[in-house]
**Student:** 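Have a look at the structure that comes next, please.
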Protein chains: 2
Amino acid sequence: MSLKRFLFMPRTPLNHVLCGWAQAAAAIGDQWSILIVRDAFKGVKTFSAFQKSIGVSKGVLSRRLEHLVASGILAKAPVGLGASHSEYSLTPKGKALLPAMLALAQWSDKWVFGEGNEPYVVVDALNQAPVPPLEVRAQDGRRVELEDLTILPGPGCPKSEP
Amino acid sequence: MSLKRFLFMPRTPLNHVLCGWAQAAAAIGDQWSILIVRDAFKGVKTFSAFQKSIGVSKGVLSRRLEHLVASGILAKAPVGLGASHSEYSLTPKGKALLPAMLALAQWSDKWVFGEGNEPYVVVDALNQAPVPPLEVRAQDGRRVELEDLTILPGPGCPKSEP
DNA sequence: CAGTATCCTCGCAGATACTG
DNA sequence: CAGTATCTGCGAGGATACTG
């Protein structure tokens with residue numbers, strides 16, 4: 001019988017992995033954070049508004065908001081002087097998630113709900129027209145697909161050899 | 001004392017929520033799935049290669065792969081006739097995650113690792129040059145920011161009124 | 001209203017052993 | 001090598017009660 005059976009092996013944390021995707025996963029790689037950021041993009045700011053919109057329990061919401069603030073994606077600021085309550089707003093780092101969030105929305109618009117549907121989630125406010133799908137273009141302007149790209153490991157990412 | 005204390009309240013599932021972001025979160029909204037998809041983009045195909053690259057335990061990897069196959073992002077196909085082992089490859093639905101994955105990588109390149117660094121994760125194989133950051137453009141071609149957009153609730157998403 | 005503290009129940013990740 | 005089965009224990013997520 002092995003002694004190791006009684007040693008605890010904690011969940012492998014991702015923060016120490018110096019890989020872009022691991023960092024993104026550590027920041028918003030859970031279901032609640034994505035929905036919180038989505039609501040923040042819509043303009044939701046208060047605790048109760050987040051809770052009503054997402055339907056998550058208060059304890060979980062508190063921890064997720066704390067985590068997003070610690071990650072620099074949201075900023076918590078008291079409103080007024082009485083500090084009766086605070087508001088959460090997107091930082092520049094949080095707003096920079098727009099392309100990623102938009103790409104995720106367009107992906108599910110097309111591949112989860114079906115091609116027949118028109119994209120409806122994000123519209124250009126000026127023209128009231130949907131935003132066309134994001135495209136990946138190289139520096140010379142031509143469209144590139146996955147096959148045209150090389151994914152580098154990046155520091156901290158293991159070099160996986162297929 | 002309340003009887004409800006003894007009733008189990010399960011974790012709220014996301015699959016039934018008809019919201020694009022909730023669907024995306026349900027599909028790849030956990031840390032391991034993002035890393036698995038990243039490796040699949042790199043060309044990783046076999047079980048052991050995923051495990052060595054990500055460092056996750058076999059049981060977890062088995063379940064995550066199963067989930068990604070069930071979500072239609074990966075396809076599992078036996079290699080050869082002996083069916084000694086199988087390979088996992090990206091479906092079209094999985095390949096369509098490229099803009100979202102790229103946007104996440106570019107976001108962490110800039111905002112987690114710092115602006116000083118040059119993007120290094122994804123390069124155009126033809127020119128050996130990094131892919132420029134994804135930009136959100138309206139139908140008329142002009143660049144749009146978050147403030148120029150209206151985020152619609154979409155079916156199943158609660159209408160949050162800020 | 002905006003959280004925090006406490007308690008409770010699984011869910012999920014890790015290790016190990018086992019099968020083909 | 002490619003998984004599956006089982007065990008274990010933390011900890012995420014839910015409810016409730018409480019504070020300011």
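Only heavy atoms go into these numbers, but all of them, side chains included; no hydrogens, no water, no symmetry mates.
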**Student:** Please determine if a side-chain N or O atom of A/Ser62 lies less than 4.0 Å away from the OP1 or OP2 oxygen of C/dT4.
**Tutor:**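 Indeed, a polar side-chain atom of A/Ser62 lies that close.
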**Student:** Suppose the criterion is salt bridge (charged side-chain N to carboxylate O under 4.0 Å, His left out): which pairs have a residue in residues 95-108 of chain B, not counting sequence neighbours?
**Tutor:**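 Found A/Glu147-B/Lys95.
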**Student:** For A/Ala75, is there any backbone N or O sitting under 3.5 Å from a side-chain donor or acceptor partner on A/Thr91?
**Tutor:** no
**Student:** Starting at CZ of B/Arg64 and ending at C1' of D/dG3, how long is that distance when rounded to a whole Å?
**Tutor:**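 Value for this atom pair: 17 Å.
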**Student:** Counting distance only, does the side-chain N/O of A/Gln23 pair as donor-acceptor with the main-chain N or O of A/Gly20 below 3.5 Å?
**Tutor:**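 No: the side chain of A/Gln23 does not pair with the backbone of A/Gly20.
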**Student:** Hey, is the side chain of B/Thr12 poking within less than 4.0 Å of OP1 or OP2 on D/dG14, counting only N and O atoms?
**Tutor:**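 B/Thr12 to D/dG14 OP1/OP2: side-chain N or O found under 4.0 Å.
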**Student:** CG of B/Leu61 versus C1' of D/dT4: gap in Å, rounded?
**Tutor:** 13 Å
**Student:** Nearest whole angstrom, please: distance from the P of D/dT4 to the NE2 of B/His85.
**Tutor:**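 Atom-to-atom, B/His85 to D/dT4, this comes out as 14 Å.
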**Student:** By nearest nucleotide on DNA chain C, pick out whichever of A/Gly59 and B/Gly59 is the more 5' one.
**Tutor:** A/Gly59
**Student:** Taking atom C1' of D/dC1 as reference, at what distance in whole Å does atom NZ of B/Lys52 sit?
**Tutor:**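 The distance from NZ of B/Lys52 to C1' of D/dC1 comes to 12 Å, rounded to the nearest Å.
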**Student:** Any salt bridge linking A/Glu66 with A/Arg64? Criterion: basic side-chain nitrogen under 4.0 Å from a carboxylate oxygen.
**Tutor:**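 Between A/Arg64 and A/Glu66 there is no salt bridge, as every charged N stays at least 4.0 Å from the carboxylate O atoms.
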**Student:** Between the side-chain atoms of A/Arg63 and the base atoms of D/dA12, is any donor-acceptor pair under 3.5 Å?
**Tutor:**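 By the distance-only test, no, there is no pair.
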**Student:** Does OP1 or OP2 of C/dA2 have a side-chain N or O of A/Ser48 closer than 4.0 Å?
**Tutor:** yes
**Student:** Can you measure A/Ile54 atom CD1 to C/dG3 atom P for me and round it to whole angstrom units?
**Tutor:**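 So the CD1-P distance, A/Ile54 to C/dG3, works out to 14 Å.
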**Student:** Using a 3.5 Å cut-off on both pairing distances, which stems of three or more Watson-Crick or G-U pairs include DNA chain C?
**Tutor:**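 Expected stems, ordered by start: C:1-20 with D:1-20.
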**Student:** Would you tell me if any nitrogen or oxygen in the side chain of B/Lys58 comes within less than 4.0 Å of OP1 or OP2 on D/dC1?
**Tutor:** no
**Student:** Quick one: pull up CE in B/Met101 and CD in B/Gln106 and give me the separation to the nearest 0.5 Å.
**Tutor:** 12.0 Å
**Student:** Measure from CD on B/Gln51 to P on D/dA2 and round the result to the nearest Å.
**Tutor:** 10 Å
**Student:** In this structure, how many angstroms lie between the P atom of D/dA2 and the OH atom of B/Tyr88, rounded?
**Tutor:** 10 Å
**Student:** Taking A/Lys93 for its side chain and A/Ser71 for its backbone only, find out whether a donor-acceptor pair lies under 3.5 Å.
**Tutor:** yes
**Student:** Among all residues two or more places apart in sequence or in another chain, which pass the side chain to side chain contact (heavy atoms under 4.5 Å, CB included) test with B/Ala138?
**Tutor:** A/Asp124, B/Asp140, B/Arg142, B/Val144
**Student:** Between D/dT19 atom P and A/Phe47 atom CZ, what is the distance in whole Å?
**Tutor:**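 Those two atoms, CZ and P, are 18 Å apart.
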**Student:** Can you find a donor-acceptor N/O pair under 3.5 angstrom joining the side chain of A/Arg11 to the base of D/dG11?
**Tutor:** no
